[in-house]
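Chain naming here is simple, since letters A, B, ... match the order of the sequence lines and numbering starts at 1 in each.
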Amino acid sequence: MSQSSSSLPAAESAAYDPHAVQAKWQARWAEEDPFRAGGDEDTRPRKYVLAMFPYPSGDLHMGHAENYLYSDIVARFWRHRGYNVLNPIGWDSFGLPAENAAIKRGADPVKWTYENIAQQRESLKDYGVSFDWSRVLHTSDPEYYRWNQWLFQRLYEKGLAYRKESPVNWCPNDQTVLANEQVVEGHCERCGAEVVKKKLTQWYFRITDYADRLLDDLNQLEGFWPQKVIQMQRNWIGRSVGADIDFRIEGREGAVTVFSTRPDTLHGATFFVVAPDSDLAAELAEGSSPEVRARFQDYLDGVQRESEIERQSTDRPKTGVFLERYAINPVNGERLPIWAADYVLADYGHGAVMAVPAHDQRDLDFARAFDLPVKVVVDTTAPLTGAIPVIELDENGVPIDPGADELTLDTIDPAKTGIALTGEGRMINSGSLDGLSKRNAIARIIDQLEAAGTGRAAKSFRLRDWLISRQRYWGTPIPMLHAEDGTIVPVPDEQLPVLLPSVDGLDLKPKGTSPLGGATEWVTTTDPESGEPMLRDPDTMDTFVDSSWYFLRYLSPRDAGEAFSAREANKWGPVDFYIGGVEHAILHLLYARFITKALFDMGLVEFTEPFSSLINQGMVILGGAKMSKSKGNLVLFQEELDAHGADALRVALAFAGPVEDDKDWDDVSTTGAAKFLARVWRIAHEVTSSPDVVWAEGDPALRRVTHRLLADAPGLVEQTKFNVVVARLMELANATRKTIDSDAGPGDPAVREAAEAIAMVLDLFAPHTAEEMWEALGYDSFVGLVPWRQANPMLLVEESVKAVVQIDGKVRATLDVPARIDGAELEALARADERVKRSLGDREIVRAIVRPPKVVSFSTR
RNA sequence: GCCGGUGUGGCGGAAUGGCAGACGCGACCGACUCAAACUCGGUUGCCCGAGAGGGCGUGUGGGUUCGACUCCCACCACCGGCACCA
């Protein structure tokens, strides 16, 4: 029954009950499944909308509330716009927390994980997210992780999965290795313990083979991914361009190669440094005197005891030992003493450098510490062609005489000042390079080295290969077999999955080797061909392997025959809209990009980037601080749902501010949102006209507000300005309220038109309330599926507008003028206006700029 | 140190180079109430002024423009990332 007037006391009209509304529509959705993505028969254009899937540790929190709200707004929007939308959900359900719960409380990781999933799933259903629930996946299901193993085998076949012994990041607390990306400021990303280096044999994915493409393809994402993420990935990949240069070493066969970004300074090399933990250092020390060997061993022991943070501290003094060996500079035959020093890293470049102390600060610091010679080969005081000398002025504007002596090479001698000359300049003391600029000298020296066969242009990357072995239980078993003689054989595809053995009887406590090693029956197996005894690889994969391709599995989640359907992948992929926290800027997002490119090279997908557009939502904080269980400053998702209902929480979050910004819970008003929802609910129930009413007969002022919202909202949603869309909805609700309360009354056709538009747009934010409104308005279809109401362009043009008159840049008058007024007429009106005349006084207008119908700008003398 | 981002009322925030502060929160005033809460209506950038009105205002200083939160230059502050990567 419709109410005829808003002035009725609240007790007489049915009250808005968010929880009843929520329960009712969730039941209807569960029954009729309206948000399932369309199949092959569906001819609509497609949109793949995706939010990063949750990790099932405990309850959902406010970060999840934001994440799945924003993706749902976008999914619902594209459905209204006539798209076949895929909006799937699943769980990233392998990982440490399940295992830690098992160790701490004796919980079964399987039970713990799946109970948490069940709980999170209920919360998400209660939140009214329009997921396609038929595609749910869990990465800890054998049906999923068998395809991780399949992926591993494909990478292995291509030489992209390999084993090597190398110094690795080791978390002494979790007793496992970590990928480079999982070390944050020298600490374990998960538990915060200080990471140490350890030499181990581990499995790697050869992501460095893709370094150039991962870097260059970021250009395609410019404008579609957050600038910050693109920049972080660029820094992380860290391409340096320069040359590889071969040095002979006295008393040793074969050349040693170093990488340098400044091959132009090769003539200035005065010593040579190798990383103490490199094989080369050990070999050179081995060939030296017993004293040197002992000193080197001491030094190496010290270096290896240091944590990563100690070692990476920039301002600590340089240390090293002279190995009493010499390298020969290929351009001039000079003997360069070889030192082992820990400022050179074993796993960057070639683990050795030519040291040019005059032009590299680190080399200079080392040279000064150990009294090694410094040879200047770039004159940075010499002006380059076209360079304009900078003349500085003192406080009186008088040019400061630079002083002849201040600019000489002598006064800036790095050996005296301790400041390396890293700037531009002209080559000196460099034979045939003399007189050249840096850029030209680099080009020429590379030519010369190539001609002599002692060097070549080269690139080097900061990015290291992705270490994927983990000495933990709750992950995907690495599907490889080891023979006694060290031979490694892959488990054949038809024997996959290699199932994770039951946790019963296993000791999960971190002890440095995988708990799976203790599952004797599981570990002991035979060669699939020869039947020889073999041992299974006891390690599990980094869980980032799981999430590096999950977006493809959603496309055919029940397929038992392949990881994903290439056809479906090329139909839906790449993901059109991806949203998640910025914490994955270089972990998950880099790995997913790498795996996508690898799959492209295998011909399994036709795209090279997985996510066409990316949004990082901000965090929900409390009182300016990050929420955390340990601080006890948590706002609980389920509690907020229970307080005012899903819709109020959704509207409050969407309205709180821009998607990318952090939102302080103190500024998120669920009560304000609840009030707004009650207002629009009432509007829908007060409408007295019938659905077939003629809108054109409605109040034109209200109609204009309605149609402006219909016209503007799509652009705003596409720019993810959800807070503005909510504001505009509030404006329309306010305008509708006013019309209902005016003489026009609730029967005015414009009121119905406005109420229907509110319901349709509100569906993005408050779907339960929107459905209830739609039903109250007399429809029995889901409002979530109605096509977007087109704005009538005739109604977007105002009949009269306010024109402003500026005099010397200040607004002095506003005029009500017809929207179609021409310039001359507008200017005449402005000149005639009393306020304008008064403001002008006796000043004379010397220039008039007229932009009808909005602005007249006069300038006076 | 290098790279990136952000600075707008008491607060969250709006604003294709064209009336800065939409929308909301809070606050204040009023209606309803015995009263309070709820709800509804109004006011709300700062300063001067009784008022009409005037002045000042988007981190700071300059510039471009008839006109700048918006574009350009320099600086300051805060936030984030990387950091002995040769």
Side-chain angles (χ1 to χ4, degrees), chain A residues 6-7 9-11 184-185 226-236 238-240 242 245 258-263 265 273 275 311-316 318 341-345 347-356 359-363 365-366 460-464 582 585-586 651-652 655-658 660-664 666-669 671-673 675-676 678-679 682 715-716 721 723-734 737 741 802-815 835 838-839 845-851 854-860:
Chain A
S6 65
S7 58
V184 180
E185 286 173 3
Q227 192 53 49
K228 181 180 173 172
V229 174
I230 292 176
Q231 200 55 44
M232 282 168 76
Q233 292 215 356
R234 285 194 178 128
N235 289 343
W236 191 261
R239 179 164 59 198
S240 297
I245 305 169
V258 302
F259 173 75
S260 174
T261 52
R262 293 294 303 275
T265 63
V273 188
R311 176 159 181 179
Q312 285 174 4
S313 162
T314 319
D315 46 4
R316 80 196 175 117
K318 293 280 182 288
D342 67 355
Y343 81 92
V344 171
L345 308 175
D347 55 355
Y348 181 76
H350 305 283
V353 301
M354 66 178 205
V356 185
H359 305 290
D360 181 281
Q361 191 61 49
R362 297 152 301 183
D363 295 344
D365 294 344
F366 192 85
S460 192
F461 294 90
R462 218 192 75 103
L463 181 71
R464 311 292 152 83
V582 74
I586 34 189
V651 168
F655 185 56
E660 305 83 358
D661 290 9
D662 286 352
K663 285 146 210 87
D664 201 313
D666 293 338
D667 302 320
V668 178
S669 175
T671 51
K675 258 195 284 194
F676 165 68
R679 271 164 70 83
R682 269 176 61 209
L716 290 168
K721 293 188 171 184
N723 56 329
V724 182
V725 180
V726 175
R728 301 289 301 274
L729 263 172
M730 289 172 169
E731 269 180 273
L732 179 55
N734 292 343
R737 177 82 264 152
D741 292 343
K802 283 200 164 51
V804 303
V805 184
Q806 298 183 350
I807 297 172
D808 291 334
K810 290 195 194 308
V811 176
R812 295 299 177 185
T814 60
L815 311 168
R835 288 159 301 184
R838 187 159 13 103
S839 257
I845 296 171
V846 294
R847 184 167 179 191
I849 306 280
V850 186
R851 294 270 180 278
K854 292 180 91 175
V855 176
V856 179
S857 179
F858 293 129
S859 344
T860 67

B/G24 OP1/OP2 closer than 4.0 Å to side-chain N/O of A/Asn734: yes
Complementary nucleotide of B/U60, counting Watson-Crick and G-U pairs under 3.5 Å: B/A74
Distance test, side-chain N/O of A/Arg679 to OP1/OP2 of B/C40, below 4.0 Å: yes
Euclidean distance, atom NZ of residue A/Lys810 to atom C1' of B/C56 [Å, nearest integer]: 9 Å
Glycosidic conformation of B/G5, taking syn as within 90° of 0 and anti otherwise: anti
Between B/C78 and B/U60 - C1' atom distance, rounded Å: 15 Å
Sugar-phosphate, base or nothing in reach of A/Arg847, heavy atoms under 4.0 Å: sugar-phosphate
Complementary nucleotide for B/G41 - Watson-Crick or wobble, under 3.5 Å: B/C29
Identified pairing partner of B/G80, criterion: Watson-Crick or G-U wobble below 3.5 Å: B/C3
Protein-nucleotide distance (A/Arg835, atom CZ; B/G54, atom P), rounded to Å: 10 Å
Step-by-step side chain to side chain contact (heavy atoms under 4.5 Å, CB included) determination, A/Phe858 to A/Arg812: CA-CA 10 Å; A/Phe858 293 129; A/Arg812 295 299 177 185; over 6 Å; no
Donor/acceptor link under 3.5 angstrom from A/Gln231 side chain onto base of B/G5: no
Distance, rounded to the nearest Å, where A/Lys854 contributes NZ and B/G18 contributes P: 7 Å
Face-on cation placement of A/Lys318 at A/Phe366 ring, 6.0 Å and 45° thresholds: no
A/Lys318 side-chain proximity, nearest of B/C23, B/G80, B/C84: B/C84
Sugar-phosphate only, base, or nothing, as touched by A/Gln806 at under 4.0 Å among non-hydrogen atoms: base
For atom CZ of A/Arg239 and atom P of B/A86, their distance in whole Å: 13 Å
B/C47 versus B/A15 - spacing of their P atoms, nearest Å: 28 Å
Any A/Asn723 side-chain N or O less than 4.0 Å from OP1/OP2 of B/C23: no
Upstream residue (5' side of RNA chain B) when A/Thr671 and A/Val353 are each assigned their closest nucleotide: A/Thr671
P spacing across the pair B/G1 / B/U70, given as an integer number of angstrom: 28 Å
Separation of B/G81 P from A/Ile586 CD1 (nearest whole Å): 10 Å
Distance in angstrom units between A/Phe259 CZ and B/A86 P, rounded: 6 Å
P atoms of B/G18 and B/C71, separation to the nearest Å: 11 Å
Side-chain N,O (A/Arg462) to OP1/OP2 (B/A83) below 4.0 Å: yes
Phosphate contact (B/A86 OP1 or OP2) by A/Ser240 side-chain N/O below 4.0 Å: yes
Which residue lies more 5' along RNA chain B, comparing A/Asp661 with A/Phe655 via nearest heavy atoms: A/Asp661
Nearest-Å distance for atom pair CE/P, residues A/Met354 and B/A86: 12 Å
Touch class at under 4.0 angstrom, heavy-atom based, for A/Val804 against every strand present: base
Between P of B/G80 and CZ of A/Arg234, the distance in whole Å: 22 Å
Sugar-phosphate only, base, or nothing, as touched by A/Pro658 at under 4.0 Å among non-hydrogen atoms: sugar-phosphate
